[in-house]
Asks: 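Can you keep this structure in mind? I'll have questions shortly.
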Amino acid sequence: MLCLFLRIIIEKLLAKSINLIIHMTYIQRVSALLMCAIVLFSCNSKNTPNVSHISVDLNIKRFDKDLFVLKETQDFAQFKTKYSDFLPLFSYKVIGLGNPDDPNYMEYLNKFLEDSTMNVVAHKVAEVFPDLSKDEKELEQAFKYLKYYFPERNIPDVYTQISGFNQSVVVAEDIIGISLDKYLGEDCEFYSLLATPMYARKNMIPERVSQDVILAYGLTEFPFTPKTDDLISNMIYQGKIRYFLMQLMPEKSEADAMKYTQEQLDWCKESEDLIWGYIIEQKHLFTTEYRTIIKYINDGPFTPGMPQESPSRTGIWTGLQIVKKFMEKNKEYTLSDLMKENDYGMILRNSSYQP
């Protein structure tokens, strides 16, 4: 609140004093601007912990590249040894080939590697992702925040894969697999051939990789275990996961966390009371009907029942606002406390949320 107050004062002083600043000497102008920048920077940085002392050395392992090299070398024994931790997860949960110890496994795997479409996809992945240094840097920083807030947790090993357009991210104990074929860009011809809706394709872009990893990690490590499986519990749980994402990736905006455009986020902010009022008026807040719940939670071109200019997942966005209010009003709650909390009715009551 104090930072907001100071920002408002500074902005007003700058606006009212523009003529004075014009007549200042060069040194005076620079000094004034530096003072403003220092105050604003200190306000913005107070809520972001310093994690520079936390050591995380992340190396994303290019399983996807080595897998298609295997087509030429056929040295499965060496490949299996190198990826002994990740190969079972990939084989069982991603491409469904079963046990890598099966004597006929290489025969099954070759059918995947020799598939003409998969080879074109592998070539496109290599073209779009020649290296992952940007994602390594972003995830390394995010995992530093993870260790800050949850020091007892291990940093997972991260692998890349080609999934045949299956799950975007798979998470197991201390392992994360990223399906790079799900992030080739919204104009990728494969997505057109698969008839992937445009609203989904807008987020199938390289820029979403690292935040989708953290989102999937949060959903897996902090599963939904509500006292009542109703709409408000789903809204707040999903909002809690986005709040978790924003704490681990503080450089991401709320629009990024929600996978919204700025215009979509602005619509939500301007219509916040209308969104809440609609849910209350329809008596949906405490409904346990699955088909009603997913209207507010699932992705889509817009939120059913609301104007077509609305984005989808307005229930999640509202849940995020409730979580933010709750954390503002309950300073004793740490991020760890929040992620353990499954009494979503309590969070709603103690947030005093009223748009």
Side-chain angles (χ1 to χ4, degrees), residues 199-200 203 211-212 214-249 252-261 264-330 333 335-355:
Y199 66 78
N203 285 301
Q211 78 170 62
D212 273 7
I214 300 303
L215 182 65
Y217 178 88
L219 289 165
T220 305
E221 295 297 309
F222 305 101
F224 185 47
T225 55
K227 293 182 179 295
T228 305
D229 189 3
D230 53 10
L231 175 60
I232 188 60
S233 296
N234 278 270
M235 288 167 56
I236 296 176
Y237 167 73
Q238 292 287 347
K240 180 173 78 170
I241 296 298
R242 272 63 182 186
Y243 185 85
F244 169 81
L245 167 64
M246 293 174 71
Q247 302 314 299
L248 265 60
M249 306 187 85
K252 298 291 184 184
S253 67
E254 188 168 310
D256 288 327
M258 286 299 306
K259 296 186 181 180
Y260 282 170
T261 63
Q264 289 174 320
L265 181 65
D266 290 343
W267 188 93
C268 287
K269 289 180 176 180
E270 292 164 6
S271 308
E272 185 173 4
D273 57 337
L274 300 178
I275 296 170
W276 185 246
Y278 176 80
I279 296 172
I280 299 296
E281 182 183 320
Q282 296 296 311
K283 297 181 170 62
H284 287 166
L285 196 63
F286 301 108
T287 185
T288 57
E289 185 184 44
Y290 175 73
R291 285 182 297 179
T292 301
I293 291 172
I294 62 174
K295 284 168 52 176
Y296 297 97
I297 301 298
N298 281 10
D299 200 8
F302 61 94
T303 298
M306 295 188 188
Q308 292 201 1
E309 60 266 27
S310 70
S312 62
R313 296 171 280 109
T314 51
I316 297 178
W317 181 80
T318 303
L320 174 58
Q321 307 317 303
I322 293 170
V323 170
K324 286 162 60 179
K325 288 287 186 184
F326 174 81
M327 294 302 281
E328 287 170 10
K329 288 179 65 67
N330 298 272
Y333 254 71
L335 182 60
S336 179
D337 294 332
L338 174 68
M339 301 313 291
K340 292 174 187 172
E341 185 58 69
N342 65 357
D343 188 343
Y344 297 107
M346 181 279 292
I347 292 178
L348 175 62
R349 290 190 301 274
N350 288 321
S351 70
S352 302
Y353 179 70
Q354 190 61 51

Asks: Report the distance from atom CD1 of Ile214 to atom CE of Met246, rounding to the nearest 0.5 Å.
Replies: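 So the CD1 of Ile214 and the CE of Met246 are separated by 14.5 Å.
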
Asks: Show your working on side chain to side chain donor-acceptor pair (under 3.5 Å) between Thr314 and Thr303 and close with a plain yes or no.
Replies: CA-CA 7 Å; Thr314 51; Thr303 298; 3.0 Å; yes

Asks: Quick one: salt bridge (Lys or Arg N to Asp or Glu O under 4.0 Å) pairs with a partner in residues 299-318, sequence neighbours left out?
Replies: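 For residues 299-318: Asp299-Arg313.
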
Asks: Could you state the interatomic distance from OH (Tyr260) to OG (Ser312), rounded to the nearest 0.5 Å?
Replies: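 Between atom OH of Tyr260 and atom OG of Ser312 there are 6.0 Å.
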
Asks: Stepwise, does the side-chain contact (heavy atoms from CB on, under 4.5 Å) test hold for Gln211 with Leu245?
Replies: CA-CA 7 Å; Gln211 78 170 62; Leu245 167 64; 4.1 Å; yes

Asks: Using only atom types and a distance under 3.5 Å, with no angle test, would you say the side chain of Tyr333 pairs donor to acceptor with the backbone of Phe326?
Replies: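 Not a single qualifying donor-acceptor pair exists.
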
Asks: Please collect all side-chain hydrogen bond (donor to acceptor under 3.5 Å, both in side chains) contacts where either partner lies in residues 214-228, sequence neighbours excluded, each pair once.
Replies: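 Every pair satisfying side-chain hydrogen bond (donor to acceptor under 3.5 Å, both in side chains) with a residue in residues 214-228: Arg153-Glu221.
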
Asks: Can you tell me how far NZ of Lys325 sits from OG of Ser352, rounded to the nearest 0.5 angstrom?
Replies: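 The OG atom of Ser352 sits 9.5 Å away from the NZ atom of Lys325.
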
Asks: Please say whether more than 12 non-hydrogen atoms of neighbouring residues, nucleotides or ligands are located less than 6.0 Å from NZ in Lys324.
Replies: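 Result for NZ/Lys324: enclosed.
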
Asks: Verify, without hydrogens or angle tests, whether Ser233 (side chain) and Tyr344 (backbone) share a donor-acceptor contact under 3.5 angstrom.
Replies: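 Checked: no pair found.
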
Asks: Among Ile293, Asn298, Thr292, which residue satisfies the side chain to side chain contact (heavy atoms under 4.5 Å, CB included) criterion with Tyr296?
Replies: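 The side chain to side chain contact (heavy atoms under 4.5 Å, CB included) with Tyr296 is passed solely by Thr292 among Ile293, Asn298, Thr292.
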
Asks: Closest heavy-atom contact between Thr287 and Glu289?
Replies: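 Scanning both residues, the minimum pair turns out to be OG1-N, 3.2 Å.
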
Asks: Tell me, do Arg242 and Trp317 make a side-chain contact under 4.5 Å, heavy atoms counted?
Replies: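 Not touching, per the 4.5 Å side-chain cut-off.
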
Asks: Can I get a per-line list of side-chain donor-acceptor pairs under 3.5 Å for residues 265-280, giving both atom names and the distance, sequence neighbours left out?
Replies:
{"residue": "Asp266", "atom": "OD1", "partner": "Gln262", "partner atom": "NE2", "Å": "3.0"}
{"residue": "Ser271", "atom": "OG", "partner": "Trp267", "partner atom": "O", "Å": "2.9"}
{"residue": "Glu272", "atom": "OE2", "partner": "Tyr353", "partner atom": "OH", "Å": "2.7"}

Asks: Let me see the working for Leu338 and Phe222 under side-chain contact (heavy atoms from CB on, under 4.5 Å), right down to the final yes or no.
Replies: CA-CA 10 Å; Leu338 174 68; Phe222 305 101; over 6 Å; no

Asks: Taking the side chain from Gln282 and the backbone from His284, do they hold a donor-acceptor pair closer than 3.5 Å?
Replies: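 No, Gln282 side chain to His284 backbone: no donor-acceptor pair under 3.5 Å.
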
Asks: At their closest point, which heavy atom of Asp230 faces which heavy atom of Asn234, and how far apart are they?
Replies: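 So the two residues come closest at O-ND2, 2.8 Å.
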
Asks: Output the distance between atom CD1 (Ile236) and atom CG (Leu348), rounded to the nearest 0.5 Å.
Replies: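 Output value for this atom pair is 5.0 Å.
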
Asks: So how far is it from Met327 CE to Lys240 NZ, rounded to the nearest 0.5 Å?
Replies: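 Going from CE on Met327 over to NZ on Lys240, the span is 10.5 Å.
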
Asks: Applying side-chain contact (heavy atoms from CB on, under 4.5 Å) to Glu254 and Gln321, what does each step give before you reach the verdict?
Replies: CA-CA 10 Å; Glu254 188 168 310; Gln321 307 317 303; 3.0 Å; yes

Asks: Would you say the side-chain atoms of Thr261 pair up with the backbone N or O of Gln264, donor to acceptor, closer than 3.5 Å?
Replies: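 Present.
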
Asks: Given side chains that start at C-beta, do those of Asp337 and Asn330 come closer than 4.5 Å, heavy atoms only?
Replies: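 No, their side chains stay 4.5 Å or more apart.
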
Asks: Roughly how far, to the nearest 0.5 Å, is the CE atom of Met235 from the CD1 atom of Ile322?
Replies: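 One finds 5.0 Å between CD1 of Ile322 and CE of Met235.
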
Asks: One pair to check against side-chain contact (heavy atoms from CB on, under 4.5 Å): Lys259 and Asp212. What are the steps and the verdict?
Replies: CA-CA 10 Å; Lys259 296 186 181 180; Asp212 273 7; 2.8 Å; yes

